[in-house]
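Structure, as structure tokens:
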Amino acid sequence: MKTKLLALALVGLFAINGAMAQEQGDIRVNAGLINLFSPYGGDYRIGFGFGGEYLITDAISVAPSYYLTNKDDFKVNIFSIDGRYYFMTDDIQAYGVAGVSFINGDGGFSETGLALGAGAIFGISDAVGINAELKYQLNKPFDDALGLQANIGVVYTFGK
């Protein structure tokens with residue numbers, strides 16, 4: 001059910017058509033929801049977070065982010081530093097992502113590992129867009145329980 005709802009939301013986002021161009025030196029901020037879930041079924045977590053992005057070139061950026069989830073009184077913090085490579089830089093800005101995630105939870109739980117994925121920013125205006133991203137945490141936190149990370153949020157580009 002949740003997977004179908006996420007897929008439907010992503011299809012709906014493709015219908016949005018804006019003019020959100022990007023260029024070297026742009027700075028973006030974002031805020032949104034995270035859904036950690038298992039590719040094998042079972043546990044999932046929904047949380048909130050924020051991040052930023054700096055475009056080193058028109059197609060390459062660095063994007064740190066912080067997300068927090070809390071389920072059954074067990075908090076999980078995720079701090080990520082990602083690199084993005086944009087394949088498309090027009091109205092829909094599609095990218096591949098690779099980065100390092102630092103995952104900490106209550107009781108001293110701690111994991112560090114690589115994450116790989118893809119995402120897109122759908123422009124609503126020159127400065128505002130909707131960001132959707134799916135990453136796989138290669139360190140497989142919680143013994144494969146929550147290896148996939150889906151993010152959706154709002155992006156604002158300064159100076160547009």
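Residue numbers run from 1 in the order of the sequence given.
Atom CG of D91 and atom CD1 of I121 lie 12.5 Å apart (nearest 0.5 Å). Note that CG of L116 and CG of L134 are 11.5 Å apart. Values are rounded to the nearest 0.5 Å. The CD1 atom of I81 sits 9.0 Å away from atom OG of S65, with the distance rounded to the nearest 0.5 Å. Between I78 atom CD1 and T69 atom OG1 the span is 6.0 Å, to the nearest 0.5 Å. The line from CD1 of I46 to CG of L33 is 7.5 Å long, rounded to the nearest 0.5 Å.
Residues Y67 and F48 form no side-chain contact, since every pair of their non-hydrogen atoms from C-beta on lies 4.5 Å or further apart. Residues S101 and E111 form no side-chain contact, since every pair of their non-hydrogen atoms from C-beta on lies 4.5 Å or further apart. Within the 4.5 Å cutoff, side-chain heavy atoms of V154 are placed close to those of V128. Between Q149 and I34, the closest side-chain pair of non-hydrogen atoms falls below 4.5 Å. By the 4.5 Å heavy-atom criterion applied to side chains, V76 and R45 are counted as neighbours. When side chains are defined from C-beta on, E133 counts as touching R84, because their heavy atoms get closer than 4.5 Å. Contact of the F158 side chain with the I27 side chain is registered, since non-hydrogen atoms from C-beta on lie closer than 4.5 Å. The closest side-chain heavy-atom distance from F102 to V100 is below 4.5 Å.
Within a 6.0 Å sphere centred on OH of Y85, heavy atoms belonging to other residues, nucleotides or ligands number 12 at most.
Between the side chains of T157 and R28, at least one donor N or O sits under 3.5 Å from an acceptor N or O.
Nearest approach of A118 to V97, heavy atoms of both residues: N-CG1, 3.7 Å. When all heavy atoms of V155 and N131 are compared, the pair lying nearest together is CG2-CB, 3.4 Å. Between A120 and I92 the shortest heavy-atom distance is CB-CG2, 4.3 Å. Nearest heavy atoms, F122 versus A132: CE1-CB, 4.3 Å. Here the closest non-hydrogen pair linking N104 and S110 is OD1-OG, 3.0 Å. Contact between N30 and G52 at its shortest, heavy atoms only, is ND2-N, 4.1 Å.
Remark: aromatic rings of Y95 and Y86 are close, center separation under 6.0 Å.
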Criterion side chain to side chain contact (heavy atoms under 4.5 Å, CB included) on I124 and I130, from CA distance to verdict: CA-CA 7 Å; I124 296 174; I130 302 291; 3.5 Å; yes

Stepwise side chain to side chain contact (heavy atoms under 4.5 Å, CB included) test for L36 and L148: CA-CA 6 Å; L36 298 174; L148 286 175; over 6 Å; no

Chi angles and distances behind the side chain to side chain contact (heavy atoms under 4.5 Å, CB included) call for L114, Q137: CA-CA 6 Å; L114 298 175; Q137 301 288 346; over 6 Å; no

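At least one donor-acceptor pair closer than 3.5 Å links the side chain of T57 to the backbone N or O of A59. With hydrogens and angles disregarded, a donor-acceptor distance shorter than 3.5 Å links the side chain of D58 to the backbone of Q24.
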